Structures are given as structure tokens and as C-alpha cells.
Amino acid sequence: MNEESLVALRKYNRNIELSGGAMILFSIWAELKILLPALVGQQKIEEIIGITGEEVVGSSVVGVAVTIFVFGYILIFHFRLGREAIKYGRGIRQKKRFLVRAFILLIINIISVPFYFFGEYYLADIDTLIASLLVDITNISILLDMIISTFKADKIRKSIQAEK
């Protein structure tokens, strides 16, 4: 067991832990990114989730319930990813199930980036567009760092165990 391997392992574990914390913070961003247009009056909640008045029988209770469910699921998805990554980085948990969530989010974020360049954007909204794009690119880089650090830490762990 050489000292360089242990230092690298600590570094990668710390990267995984920090990336997990960032995913918890990004859960809040994911919620705000969806809710902000509704909060400032640019869109209605029904438009955001794609439900029209004719599709919802009765009142908007079903729309509100669906919205709460979707927002809750997004929040829990990010939060569980972050929590599991933190536990893995600290050595509390050895399972790498969080990587499945990380790959899913990475693919969704990579697919969503080109959509920033399509559609009707007004010059007044270009600053919001740029900020959202930069945050999503940051999210992609954090997810990539989490995934790469996990594989590198695993490789180092295996080499340390082989030396024993």
C-alpha cells in the first residue's frame, strides 16, 4: 500500500462526496428552474406540465396533485443520488447504485442542452437562458466528475486489495 494510492483514493472519495452535496443543491435548482416561469407569470403550471383544462375533469386539483408528485419525485431523485454518493465517498456504503441515477441525469442533461438553442426566446430572457445553460453545463461536469471519480476510486481500491 503506497502513500500515493491512499492520497489519490482520499481525493476521489472527497470528489464523490462533494459531487453528492452538489446534487442535493441541484435538486433545489431543478425545482426552481421549473417553477420560476410560473412564479413570475410567464407560464401557468398547467402549461409547464402539459395539461389543458379540457384534459382535467373537474377543477385543477388533479393538475396540482400531478405537479406536486412530479416536483416531489424530482427532488427525491436528486436528493437520494446526492445522499448515496456522500455515503459512498465517506466509506459508509459500498454499493454503487447511485451511478445509475447519475448516468440517467447525465443523459437527460446532455440531451436537454441543445433545446436551449431552439424555440422562441426573447432578448429580455437571454440572460435567464444563459444562466440556465451555464448551470446545466456545471451539472453535467459535476456528474461526470462523480462518475469518473467513482471508477478511479474503485480501481485504486482493487489495486490496494491486490497488494495485500
Side-chain angles (χ1 to χ4, degrees), residues 9-53 55-119 125 127-154 157:
L9 182 61
R10 281 194 302 268
K11 173 190 161 201
Y12 293 130
N13 283 337
R14 186 69 179 148
N15 283 353
I16 296 166
E17 191 178 340
L18 288 173
S19 297
M23 284 302 107
I24 291 173
L25 292 175
F26 273 110
S27 69
I28 297 166
W29 168 251
E31 301 292 324
L32 286 176
K33 189 166 112 174
I34 296 170
L35 282 176
L36 278 178
L39 293 175
V40 296
Q42 290 177 342
Q43 280 183 311
K44 295 180 182 176
I45 293 290
E46 292 85 9
E47 293 173 357
I48 292 172
I49 61 175
I51 296 177
T52 62
E55 294 173 347
V56 179
V57 179
S59 66
S60 63
V61 173
V62 174
V64 170
V66 168
T67 303
I68 290 171
F69 174 77
V70 169
F71 290 151
Y73 185 76
I74 290 170
L75 189 67
I76 290 170
F77 190 86
H78 283 83
F79 186 80
R80 286 189 65 195
L81 166 63
R83 191 183 69 203
E84 289 177 12
I86 290 170
K87 285 182 179 180
Y88 184 84
R90 289 181 180 167
I92 297 170
R93 175 175 278 175
Q94 295 304 316
K95 295 180 181 177
K96 295 180 278 190
R97 290 185 304 203
F98 68 93
L99 286 179
V100 174
R101 284 187 178 87
F103 277 119
I104 291 169
L105 274 178
L106 182 64
I107 291 168
I108 288 171
N109 281 318
I110 289 172
I111 289 172
S112 70
V113 167
F115 290 107
Y116 282 108
F117 303 106
F118 302 117
D125 296 334
D127 55 345
T128 307
L129 175 76
I130 292 170
S132 294
L133 178 63
L134 290 175
V135 170
D136 282 349
I137 290 171
T138 304
N139 196 11
I140 289 169
S141 67
I142 289 171
L143 286 166
L144 280 172
D145 183 49
M146 178 190 295
I147 293 166
I148 291 168
S149 293
T150 302
F151 286 119
K152 286 185 176 184
D154 241 13
R157 278 191 193 100

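Along the sequence shown, residues carry numbers from 1. The structure presented is a predicted model; accordingly, all values stated were derived computationally and were not measured.
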Query raised in the report: Once you round to the nearest 0.5 Å, how far does OH of Tyr88 lie from CG of Leu99?
Result: 7.5 Å

Requested in this report: Measure the CG-OG distance between Leu105 and Ser112 for me, rounded to the nearest 0.5 Å.
Outcome: 10.0 Å

Query raised in the report: Do Ile104 and Phe77 touch side chain to side chain, with heavy atoms closer than 4.5 Å?
Result: yes

Query raised in the report: What are the two closest non-hydrogen atoms of Asn13 and Gly89, and how far apart are they?
Result: CB-O, 3.2 Å

Requested in this report: Mind listing the closest non-hydrogen atom pair of Leu81 and Phe98 along with its distance?
Outcome: CD1-O, 3.1 Å

Report summary line: Between the CD1 atom in Ile16 and the NZ atom in Lys96, the distance rounded to the nearest 0.5 Å is 9.5 Å

Query raised in the report: Sequence neighbours excluded, which residues qualify as salt bridge (charged side-chain N to carboxylate O under 4.0 Å, His left out) partners of Arg97?
Result: none

Report summary line: Note: Asp145 and Ser19 closest approach over all heavy atoms is OD2-OG, 3.6 Å

Requested in this report: Evaluate the side chain to side chain contact (heavy atoms under 4.5 Å, CB included) criterion for residues Ile86 and Met23: first the C-alpha distance (whole Å), next the side-chain angles of each, then the deciding distance (0.1 Å), finally the verdict.
Outcome: CA-CA 10 Å; Ile86 290 170; Met23 284 302 107; over 6 Å; no

**Report entry** Distance-minimising heavy-atom pair for Met146 and Ala102
**Finding:** SD-CB, 4.1 Å

**Report entry** Closest heavy-atom pair and its distance - Ala85, Gly20
**Finding:** CB-CA, 3.8 Å

Requested in this report: Please examine the side chains of Ile147 and Phe151, heavy atoms only from C-beta on, and report whether any two atoms are closer than 4.5 Å.
Outcome: yes

Report summary line: The reported gap from CD1 in Ile76 to CZ in Phe71 (rounded to nearest 0.5 angstrom) is 13.5 Å

Query - Check against side chain to side chain contact (heavy atoms under 4.5 Å, CB included), Leu134 and Ile130 - result: CA-CA 6 Å; Leu134 290 175; Ile130 292 170; 4.0 Å; yes

**Report entry** Electrostatic pair Arg14:Glu17 at N-O distance under 4.0 angstrom
**Finding:** yes

Report summary line: Rounding to 0.5 Å, atoms CZ (Arg101) and CD (Glu84) come to a distance of 5.0 Å

Requested in this report: Rounded to the nearest 0.5 Å, what's the gap from CD1 on Ile108 to CD1 on Ile140? Could you check?
Outcome: 11.5 Å

Query raised in the report: Side-chain contact, heavy-atom cut-off 4.5 Å: Tyr12 with Asp154?
Result: no

**Report entry** Nearest heavy atoms of Ala153 and Leu9, plus distance in Å
**Finding:** O-CD1, 3.6 Å

